[in-house]
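Comments concern the structure below.
Every number for a ligand or one of its atoms is a count from 1 in the order of the listing.
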Amino acid sequence: MGYNSTRFGRAFCVRYLILSDIHSNLEAYESCLGLASGLYEAVLCLGDLVGYGPDPNAIVEAVHPAAEVIIRGNHDKACSGITDAADFNPLARAATQWTRDQLTPENLARLRNLTEGPVKVDGFELVHGSPRDEDEYIIERLDALPAIEDASSPVVFFGHTHVQGGFVMEPGHKLEPIYAEHSGDGCVLVLSLKASSRYLINPGSVGQPRDRDWRAAFAILDSQKRRVEYYRTGYDVRATQAKMEKARLPEPLIARLQFGR
Ligand code: ZN
């Protein structure tokens with residue numbers, strides 16, 4: 001499926017807020033929107049709106065109308081009954097069951113109807129896992145190499161691993177990881193996209209980062225300047241954890257939020 005800005009009725013829509021792996025974390029989501037305020041014209045989401053966190057309905061109701069495109073993630077599929085979560089670990093499965101019980105029929109239907117990646121927007125490709133397989137994890141160079149070669153666009157945005165950064169392949173060079181510094185709140189890296197290079201870009205996870213930084217992560221794509229800005233922003237993690245305790249979600253899922261892993 002392909003989209004371009006004129007289809008959104010905004011011919012000059014050039015700055016996209018790119019969110020992934022929000023995982024029912026309302027405090028983290030609101031912190032991202034606060035930092036990004038005024039810096040974007042449209043929202044693109046790479047999947048996993050729900051699962052793990054305490055606010056599945058609030059997140060679906062906030063993000064669904066706000067985003068131009070939402071790719072479905074493996075947790076969206078499991079929580080809405082498209083898949084059965086059999087391949088999830090016991091903690092993720094418990095959170096999936098809790099999430100299913102919480103979701104309203106309307107929000108279950110919204111999740112069930114999310115788009116399968118890849119989706120193209122303005123020539124950029126959006127996926128949850130990888131261009132080859134929506135559920136595949138791109139963690140190491142070995143995973144990234146076939147993914148970058150298979151992609152139908154030179155620039156792919158992916159999520160699923162909850163690790164901000166990605167990979168770049170310049171002509172005549174090896175594939176290299178992209179590291180975003182963990183330097184606190186605000187813009188942590190600006191990446192200028194070269195026309196001759198190929199990229200896999202992970203904005204990081206809004207609601208459950210796993211790159212040893214607890215701050216919510218996101219990216220902004222400036223499609224006209226061909227530039228990606230990576231951001232981190234702190235949020236009230238204690239408030240999210242308190243909601244999870246009240247909901248009796250599994251303790252390790254509560255603890256991991258403050259460590260970013
Ligand atoms: Zn996820």
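When each of E245, K243, K246 is paired with P54, the side-chain contact (heavy atoms from CB on, under 4.5 Å) condition holds for K243 and for no other.
With hydrogens and angles ignored, the 3.5 Å screen pairs a side-chain donor or acceptor of D76 with a backbone N or O of D48. For the pair E136 (side chain) and G129 (backbone), a donor-acceptor distance under 3.5 Å is absent.
Within a radius of less than 2.8 Å around the Zn ion (ligand 1), the protein N, O or S atoms are D21 OD1, H23 NE2, D48 OD2, H162 NE2.
Two residues are said to be in side-chain contact when any heavy atoms from C-beta on lie closer than 4.5 Å; L33 and L17 meet this criterion. Under the 4.5 Å side-chain criterion, counting only non-hydrogen atoms from C-beta, R238 is in contact with Q258.
Between V156 and P131, the shortest heavy-atom distance links the atoms CG1-CG, 4.1 Å.
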